[in-house]
Asker: 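Sharing a structure below in structure tokens format, with a few things to ask.
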2 protein chains.
Amino acid sequence: MSLLPQPATTEIQLTEVLRALADPVRLDLVARLDRDGEETCFRLGVDTGLHKSTMSHHYRILREAGVVLTRQDGRRKYLSLRRADLEERFPGLLDSVLAAALDRTP
Amino acid sequence: MSLLPQPATTEIQLTEVLRALADPVRLDLVARLDRDGEETCFRLGVDTGLHKSTMSHHYRILREAGVVLTRQDGRRKYLSLRRADLEERFPGLLDSVLAAALDRTP
DNA sequence: CTTATTGTTGGATTGTTGTCAAACCTTCCA
DNA sequence: TGGAAGGTTTGACAACAATCCAACAATAAG
């Protein structure tokens, strides 16, 4: 049960977060993580129609931007939103993006 | 005194706004427009060190994303933030981004 | 030990983006 | 009427990004 490397809260860069969220696939992932909580890479990717390596690429972008936390347990990896860290670093940002994302994917 | 074409408020897309804001140059422009209000393209570009055609490219991205309004008066073009429209479409988003941008460019 | 599960990595491809330079277009002014 | 001022457009180019595929790695299960 280990954590994958990720930026410290103070190191999270605004433009990287915005860039991570500016892709429709990743925005959907983030919205799902917000709605359903922690999920495995497998479950996140299963009904996107995208190749698993493509999804792995997106997971990495989100993690390196500081948007998600990746926890490994056995052969599974669990992604979850870094809500508190993002709120501390950029207050209100994630909430407003998530609210805005709602009327995008009904 | 005319307006350049821009998306209607209801047509503004979240991912396009995020993409427009995810570039350091454009984020600085938006922060300046927020701080100083309406500005001409010339004044916005003069101390960026970038070519005027490059700046023109950024103005267009911001306008087509629905982030700025462009008003032409004589040979000058004035850019301003579409604050109210963005607030109506994505409540809180612009404010949180601008607040977050503050500790980026001191 | 062998096989299936759950992902990551590297390479290839295709498309997008940021930048500059040169040419152009409009509008103002002398 | 001819510049000059203020921007845009087009073309070129390098860097980056999204995607797929094949191969690999680690862990769990039989």
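Just so it is clear, the model here is predicted, and its values are computed rather than measured. Every chain is numbered from 1 and lettered A, B, ... according to where its sequence line falls, protein lines coming before strand lines.
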Asker: Rounded to whole Å, please give me the gap between OH in Tyr59(B) and P in dT8(D).
Answerer: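 Going from Tyr59(B) (OH) to dT8(D) (P), I get 8 Å.
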
Asker: Rounded to the nearest Å, what distance is computed from the CG atom of residue Leu62(B) to the P atom of nucleotide dG18(C)?
Answerer: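 Taking atom P of dG18(C) as the reference, CG of Leu62(B) is at 10 Å.
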
Asker: Report all side-chain donor-acceptor pairs from residues 7-15 of chain A shorter than 3.5 Å, counting only partners two or more places apart or in another chain.
Answerer:
{"unit_1": "Thr9(A)", "atom_1": "OG1", "unit_2": "Asp85(A)", "atom_2": "OD1", "d": "3.3"}
{"unit_1": "Gln13(A)", "atom_1": "NE2", "unit_2": "Glu11(A)", "atom_2": "O", "d": "3.2"}

Asker: Nearest heavy atom decides the nucleotide; on that basis, is Lys52(A) or His58(A) closer to the 5' end of DNA chain D?
Answerer: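 Per heavy-atom nearest nucleotide, the more 5' residue is His58(A).
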
Asker: Could you check whether any side-chain heavy atom of Thr70(B) comes within less than 4.5 Å of a side-chain heavy atom of Leu3(B), counting everything from C-beta outward?
Answerer: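 SC-SC contact between Thr70(B) and Leu3(B) ruled out.
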
Asker: Using whole Å, what does the distance between atom C1' of nucleotide dA26(D) and atom CZ of Arg75(A) come to?
Answerer: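 So the two atoms are 10 Å apart, to the nearest Å.
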
Asker: Mind checking Arg26(B) for me? I need base, sugar-phosphate or nothing, with any heavy atom below 4.0 Å counting as a touch.
Answerer: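 The answer is sugar-phosphate, as Arg26(B) gets under 4.0 Å only of primed atoms, P, OP1 or OP2.
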
Asker: Whole angstroms only, please: what is the CD-P distance between Glu64(A) and dA17(D)?
Answerer: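 Result: 11 Å.
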
Asker: Can you check the Leu50(B) CG to dT19(C) P distance for me, whole Å?
Answerer: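 Nearest whole value for this atom pair: 5 Å.
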
Asker: For the residue pair Asp36(A) and Arg43(A), establish whether any side-chain heavy-atom pair is separated by less than 4.5 Å.
Answerer: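 SC-SC contact between Asp36(A) and Arg43(A) ruled out.
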
Asker: Using whole Å, report how far CG of Asp23(A) lies from P of dG15(C).
Answerer: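 For the pair Asp23(A) CG and dG15(C) P, the rounded distance is 17 Å.
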
Asker: Measure from CD on Gln72(A) to P on dT5(C) and round the result to the nearest Å.
Answerer: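 These atoms are roughly 18 Å apart.
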
Asker: Want to settle it: does Val25(A) or Gly74(A) sit nearer the 5' end of DNA chain D, counting the closest nucleotide to each?
Answerer: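 The residue mapped nearer the 5' terminus is Val25(A).
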
Asker: Spell out yes or no: do the side chain of Lys77(A) and the base of dG7(C) have one donor N/O and one acceptor N/O closer than 3.5 Å?
Answerer: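 Such a pair does not exist between side chain and base.
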
Asker: To the nearest 0.5 Å, what is the distance between CG on Leu94(A) and CG on Asp34(A)?
Answerer: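 It is 6.5 Å, given to the nearest 0.5 Å.
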
Asker: Rounded to the nearest Å, what distance is computed from the CD1 atom of residue Ile61(A) to the P atom of nucleotide dT9(C)?
Answerer: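 Going from Ile61(A) (CD1) to dT9(C) (P), I get 12 Å.
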
Asker: Picking from dT6(C), dA22(D), dC20(C), which would you name as closest to the side chain of Ser53(A)?
Answerer: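 Between dT6(C), dA22(D), dC20(C), the one nearest the side chain of Ser53(A) would be dA22(D).
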
Asker: Look at the side-chain N and O atoms of Arg76(A) and state whether any lies under 4.0 Å from the OP1 or OP2 oxygen of dA26(D).
Answerer: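 So the side-chain polar atoms of Arg76(A) never come under 4.0 Å of the phosphate oxygens OP1 or OP2 of dA26(D).
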
Asker: Has His51(B) got a side-chain N or O lying under 4.0 Å from the OP1 or OP2 atom of dT19(C)?
Answerer: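 For His51(B), the contact criterion (side-chain N or O under 4.0 Å from OP1 or OP2 of dT19(C)) is not met.
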
Asker: Choosing from dG7(D), dT27(C), dT27(D), which nucleotide comes nearest the side chain of Cys41(B)?
Answerer: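 Nearest to the side chain of Cys41(B) among the choices is dG7(D).
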
Asker: By nearest atom, which of the nucleotides dG7(D), dT8(C), dT19(D) is closest to the Ser56(A) side chain?
Answerer: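 My answer, after comparing the listed nucleotides, is dT8(C).
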
Asker: Is a donor-acceptor pair below 3.5 Å formed from side chain Thr54(A) to base dC20(D), judging by atom type as modelled?
Answerer: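 It does not, because no donor-acceptor pair links the side chain of Thr54(A) to the base of dC20(D) below 3.5 Å.
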
Asker: Run the salt-bridge test on Asp95(A) and Arg83(A) with the 4.0 Å N-O cut-off and return the result as yes or no.
Answerer: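 Counted as a salt bridge, because a side-chain N and a carboxylate O are separated by less than 4.0 Å.
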
